[in-house]
> 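Take a look at this one; I'll ask things after.
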Amino acid sequence: MGVIEVKVDNGVQTIKFNRPEKKNAINREIYEGLISTLEQSADDDRVVLTVLTGSGDYYSSGNDFSLPQITDMKAFFKDSTDIVGKFVAAFIDYPKLLIAVVNGPALGIAATTLALCDVVYASDKAWFQTPFTQLGLVPEGCSSVTFPHIMGSKASRLLYLNEKMTADEALACGFVTQVFPDAQIEAQTSAKIREHAKLPLQSLMLSKQLVRKWNKQHLHEVNRTECQALAQRFVSEDFFNALLSFKERKSKL
């Protein structure tokens, strides 16, 4: 099995992050695989909607900060920033219904891109965290705009203060569409999604096109601006100190 599992059944394309031993941390292969899958399914008439979910206990722990042996750190992080920008753009541009089934914790870019999905179903055991400032980084995934727009002042908890937000709290502030008991989330969301997939494809796509028309270019501009700031932070002392601390904590586990 690959790091993502993709299947299409009765109009439903399911993309599952499949690195449970790494809490579904998003590596280069996942970035490229998800971008390619979204691009290809945009024109695939078999696909009415796409579901994103995770394997195991986590939806995704966010970006994989396991660094390979590299000689040119600046070039590596420039490339990393480019792939992040393309990943976020794929969410912005996806013309069909995009549904996230958040089966567990969602961190970093796994959390920020939820705000670019059309429907977010979550387990009551899920929680959300974007520890940008703790890592010496800045918001990405368009969260500098989408989080305040959705959550109001509560976005500060995620964008600045590195706090965790529970599924019920996320539901209360409009970040999550519906919360399900963890033991029932797969069965209950599958039933709802099968019904969603019976809706007329062209009507769904036109409706989403109308909704996205007014902010799509703005989101792309936000993504570019965030990536520019991210590229600067990736080569900052703050980030490298945070990365060293992160690796030291992991080595003691």
> In the structure I gave you, are the side-chain heavy atoms of D93 and K216 within less than 4.5 Å of one another anywhere?
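Yes, side chains in contact.
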> Using every non-hydrogen atom in the two residues, find where C173 and M165 come nearest and quote the distance to one decimal.
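Taking every non-hydrogen atom into account, SG-SD, 4.0 Å.
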> State, to 0.1 Å, how close G108 and P131 come at their nearest heavy-atom pair, and which atoms those are.
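Scanning both residues completely, I find the closest heavy atoms to be N-CD, 4.4 Å.
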> Please tell me if the side chains of V222 and E226 come closer than 4.5 Å, counting only heavy atoms from C-beta onward.
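With C-beta onward as the side chain, the pair touches.
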> Just distance, no hydrogens or angles: give the donor-acceptor pairs under 3.5 Å from side chains in residues 6-17, sequence neighbours left out.
unit_1, atom_1, unit_2, atom_2, d
Q13, NE2, S41, OG, 3.1
Q13, NE2, T50, OG1, 2.8

> Quick one: are L199 and V48 in side-chain contact, heavy atoms under 4.5 Å?
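The answer is no; the side chains never approach within 4.5 Å.
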> Taking the side chain as every heavy atom from C-beta outward, state whether Y58 and L107 have any pair of such atoms under 4.5 Å apart.
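Yes. Closest side-chain heavy atoms under 4.5 Å.
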> N63 vs Y31, test: side chain to side chain contact (heavy atoms under 4.5 Å, CB included). Steps then yes/no.
CA-CA 10 Å; N63 196 61; Y31 276 120; 2.8 Å; yes
> How would you list, by chain and number, every residue that makes a side-chain contact (heavy atoms from CB on, under 4.5 Å) with D44, sequence neighbours excluded?
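Result, side-chain contact (heavy atoms from CB on, under 4.5 Å) vs D44: R46, V47.
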> Looking at S123 and K125, would you say the former's side chain and the latter's main chain have a donor-acceptor pair under 3.5 Å?
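Side chain of S123 to backbone of K125: a pair is present.
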> Could you work out, with side-chain contact (heavy atoms from CB on, under 4.5 Å) as the rule, every residue matching T133, not counting sequence neighbours?
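Checked T133 against side-chain contact (heavy atoms from CB on, under 4.5 Å); matches are N162.
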> Might you work through the side chain to side chain contact (heavy atoms under 4.5 Å, CB included) test for Q232 and Q228, ending with a clear yes or no?
CA-CA 7 Å; Q232 295 173 357; Q228 288 169 1; 5.6 Å; no
> Any chance you could measure F91, atom CZ, to I35, atom CD1, to the nearest 0.5 Å?
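If I round to the nearest 0.5 Å, the distance is 9.5 Å.
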> With a 4.5 Å limit on heavy-atom distance, are the side chains of L230 and F234 in contact?
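Side-chain contact under 4.5 Å: yes.
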> Check K23 with D57, please: is the shortest side-chain N to carboxylate O separation under 4.0 Å?
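Here D57 does not pair with K23 in a salt bridge, since their nearest N and O are not under 4.0 Å apart.
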> Give the cluster check for L171 versus V102: same hydrophobic cluster or not, with ILVMFWY residues linked at side-chain heavy-atom distances below 4.5 Å.
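Yes, L171 connects to V102 through the hydrophobic network.
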> Using 30° and 60° as the class boundaries, would you call the ring planes of F239 and F77 parallel, tilted or perpendicular?
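Perpendicular, since the angle between the ring planes exceeds 60°.
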> Please set out all donor-acceptor pairs under 3.5 angstrom arising from side-chain atoms of residues 136-143, sequence neighbours excluded.
unit_1, atom_1, unit_2, atom_2, d
E140, OE1, T112, OG1, 2.7
E140, OE2, I109, N, 3.3
S143, OG, E140, O, 2.7

> Keeping to residues at least two apart or across chains, list the ring-ring contact (aromatic ring centres under 6.0 Å, His included) pairs with something in residues 139-166.
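ring-ring contact (aromatic ring centres under 6.0 Å, His included) check on residues 139-166 returns F147-F175.
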> Report yes or no: do I99 and L38 belong to one cluster of Ile/Leu/Val/Met/Phe/Trp/Tyr joined by side chain heavy-atom distances under 4.5 Å?
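No; tracing contacts between hydrophobic side chains, which count when under 4.5 Å, never links both residues.
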> Between P20 and N24, which heavy-atom pair has the shortest distance, and what is it?
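Shortest heavy-atom contact: N-OD1, 3.2 Å.
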> How close do G54 and N103 get, heavy atom to heavy atom, and via which atoms?
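Heavy atoms of G54 and N103 come nearest at N-OD1, 3.0 Å.
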> Looking only at side chains, do Q40 and S36 share a donor and an acceptor under 3.5 Å apart?
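Yes, S36 and Q40 have a side-chain donor paired with an acceptor closer than 3.5 Å.
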> Check this for me: does any side-chain nitrogen of one of D82 and K78 sit under 4.0 Å from a carboxylate oxygen of the other?
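So D82 pairs with K78 through a salt bridge.
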> Is it true that a side-chain atom of K164 and a backbone atom of Q129 form a donor plus acceptor pair closer than 3.5 Å?
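Such a contact is absent between K164 side chain and Q129 backbone.
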> Please check if atom NZ in K154 has more than 12 non-hydrogen atoms from other residues, nucleotides or ligands closer than 6.0 Å.
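No, NZ of K154 has 12 or fewer neighbouring heavy atoms, counting only those of other groups under 6.0 Å.
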> Would you say V51 and L34 are hydrophobically clustered, going by side-chain heavy atoms of ILVMFWY under 4.5 Å?
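No: no chain of side-chain contacts under 4.5 Å links V51 to L34.
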> Under a 4.0 Å threshold between the charged nitrogen and the carboxylate oxygen, would E169 count as salt-bridged to R157?
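Between E169 and R157 there is a salt bridge, with a charged N closer than 4.0 Å to a carboxylate O.
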> Does the R19 side chain pair with the main chain of A25, one donor and one acceptor, at a distance under 3.5 Å?
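Indeed, once roles are kept as given, a pair shorter than 3.5 Å links the two residues.
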> Could you tell me whether K22 and D64 have a side-chain N and a carboxylate O separated by less than 4.0 Å?
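No, K22 and D64 are not salt-bridged.
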> Counting N and O atoms only, with roles assigned by atom type, does the side chain of N223 sit under 3.5 Å from a partner on the main chain of G85, one being a donor and the other an acceptor?
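Yes, N223 side chain to G85 backbone: donor-acceptor pair under 3.5 Å.
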> Taking all atoms of both residues into account, what is the closest heavy-atom pair of T146 and A115, and its distance?
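Closest pair (atom of T146, atom of A115, distance): OG1-CB, 3.5 Å.
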> Say you draw a straight line from OG1 of T81 to CZ of F76; how long is it, rounded to the nearest 0.5 Å?
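The CZ atom of F76 is 9.5 Å from OG1 of T81, to the nearest 0.5 Å.
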> Should W127 and F132 be counted in the same cluster of Ile, Leu, Val, Met, Phe, Trp and Tyr side chains packed under 4.5 Å apart?
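No, W127 does not connect to F132 through the hydrophobic network.
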> Would you give the length of the straight line joining atom OH of Y121 to atom OG of S190, rounded to the nearest 0.5 angstrom?
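It comes to 11.0 Å.
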> Would you compute the distance between atom CG of L201 and atom CG of L206 and round it to the nearest 0.5 angstrom?
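That separation rounds to 11.0 Å.
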> Can you tell me if CD on E186 sees more than 12 non-hydrogen neighbours from other groups inside 6.0 Å?
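No.
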> Mind checking whether L116 and V101 sit in one hydrophobic cluster, side chains of I, L, V, M, F, W, Y counted as touching below 4.5 Å?
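No: no chain of side-chain contacts under 4.5 Å links L116 to V101.
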> Rounded to the nearest 0.5 Å, how far apart are CG of L49 and CG of D118?
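So the CG of L49 and the CG of D118 are separated by 9.5 Å.
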> Taking the side chain as C-beta and beyond, is there a heavy-atom pair between K192 and H196 under 4.5 Å?
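They are in side-chain contact.
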> What closest approach, in Å, do L52 and C117 show between heavy atoms, and which atom pair accounts for it?
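For L52 versus C117, the nearest heavy atoms are CD1-SG, 4.3 Å.
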> Does CD in E21 sit with more than 12 non-hydrogen atoms of other residues, nucleotides or ligands closer than 6.0 Å?
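Enclosed.
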> Donor-acceptor pair, distance only, cut-off 3.5 Å: does the side chain of K208 make one with the backbone of Y94?
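Answer holds: yes.
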> Side-chain contact test, heavy atoms from C-beta onward, threshold under 4.5 Å: evaluate it for E32 versus I83 and give yes or no.
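Contact flag for E32/I83 side chains = yes.
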> Any donor and acceptor pair, going by atom type alone, linking the side chain of N18 with main-chain N or O of S55 inside 3.5 Å?
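Side chain of N18 to backbone of S55, a donor-acceptor pair under 3.5 Å: no, none is there.
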> What pairs with E195 under side chain to side chain donor-acceptor pair (under 3.5 Å), at least two apart in sequence or on another chain?
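Once residues adjacent in sequence are excluded, the partners of E195 under the side chain to side chain donor-acceptor pair (under 3.5 Å) criterion are K198.
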> For the CD1 atom of I26 and the CD1 atom of I4, what is their distance to the nearest 0.5 Å?
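Result: 10.5 Å between the selected atoms.
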